[in-house]
Amino acid sequence: MESTMKAAVLKDLETIAIEDVPVPEPKDGEVLVEVRASALCGSDLAGYTGQHSMIKWPIILGHEASGVVAKCGRGADNWSPGDPVTIEPLFTCKKCHACRTGKYHLCSSLKFAGHQMHGTFAKYVIAESGFLHRKPENVSFREAVLTEPAASPLHAIERCDIRLGDFVVIIGSGVTGLFALQYALSKGAEVLISDPEEFKLKIAGDFGANYILNPGKLDLRKRVMALTGGMGADCVVEAVGISETLASTVSLVKRGGTILLIGYSEKESEPFDLSTVTLAELTVLGMLAYFNDFPAALKLMSLGRLKA
Ligand SMILES: [Zn+2]
Ligand SMILES: [Zn+2]
């Protein structure tokens, strides 16, 4: 096997260079994966523009990828060279309370490929053997890279107690919002999705949203109240992460309802008055990444139940 590989290295602010770098050696429990496909995420862009606190250069970006096993480290004998896989791009300590109690995504020293570890914009990448998932035969390498962005909204929606016939509002029709839409629909909800970009709304309509709304043209709150008999939504999913949309969640949710915060911003804080949460007995849920969610996301893709 070659000793160097091509990699796209973020060298400095908005500076990426294609360089020859050493092929990394898998340590105990790790696997070297030959990358076949890798997608660009919003966080890669945030790292490139110096707006992501976890990403410091020099680093190889990228964390949404699929490929084939190239080499196994000691103790990673559950995999063999040539196995087709998709990568759950986490590194955990295996020792902290979260790891020992099975909630590895909350590991106190959690690291992501492409954030604190070298990522997937290279010929090879290191992954933990326990965080590789076999790619189903009928899912292509290109499709399989979407397991990662599909897994976090799956994790998030599974945290809400969405019931058949519930009214769900999703704010933001980006990749995350569109996956959340499909999960909420599959749980039997009636879903309104809101976004200022018409082309994103069109995709949401094609994916089966019951209502699409451009908040630049129509009043979102009025529409939600009209559709729910003045009650508000059972669940509001915020998938943008800016103060305006975060603040709007409390005005859209019913008393006793649930607000799910998927959108993430490093800048916004305290967007709404917490007394509203108390007085309307709201449930506000956060979410971080995914936790045993890759197998379900891959299965839904393999069954053709997830559009991307
Ligand atoms: Zn991502
Ligand atoms: Zn840990």
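Each ligand, and each atom within it, is numbered from 1 in the order the structure gives.
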Check your understanding: Taking 4.0 angstrom as the limit, do E19 and K11 come out as a salt bridge?
Key ->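 Yes.
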Check your understanding: Between SG of C96 and SG of C93, what angle is found at the Zn ion (ligand 2), rounded to 10 degrees?
Key -> 110°
Study note, to complete from the structure: Note: SG(C99)-the Zn ion (ligand 2)-SG(C107) angle, rounded to 10 degrees, equals 100°
**Study point:** Of all N/O/S atoms in E64, the name of the one nearest the Zn ion (ligand 1)
**Key:** OE2
Check your understanding: Do F294 and H133 have ring centroids that are under 6.0 Å from one another?
Key ->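 Between F294 and H133, which both carry aromatic rings, the centre distance is below 6.0 Å.
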Review point. For the residue pair H105 and F291, is the inter-centroid distance of their aromatic rings smaller than 6.0 Å?
Key: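 Between F291 and H105, which both carry aromatic rings, the centre distance is below 6.0 Å.
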Practice item. Mind reading off the angle at the Zn ion (ligand 1) between the SG atom of C41 and the NE2 atom of H63, rounded to 10°? Key: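 Between SG of C41 and NE2 of H63, the angle at the Zn ion (ligand 1) is about 110°.
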Practice item. Could you walk me through whether R223 and D219 pass the salt bridge (Lys or Arg N to Asp or Glu O under 4.0 Å) test, one step at a time? Key: CA-CA 6 Å; R223 182 83 173 123; D219 187 302; over 6 Å; no
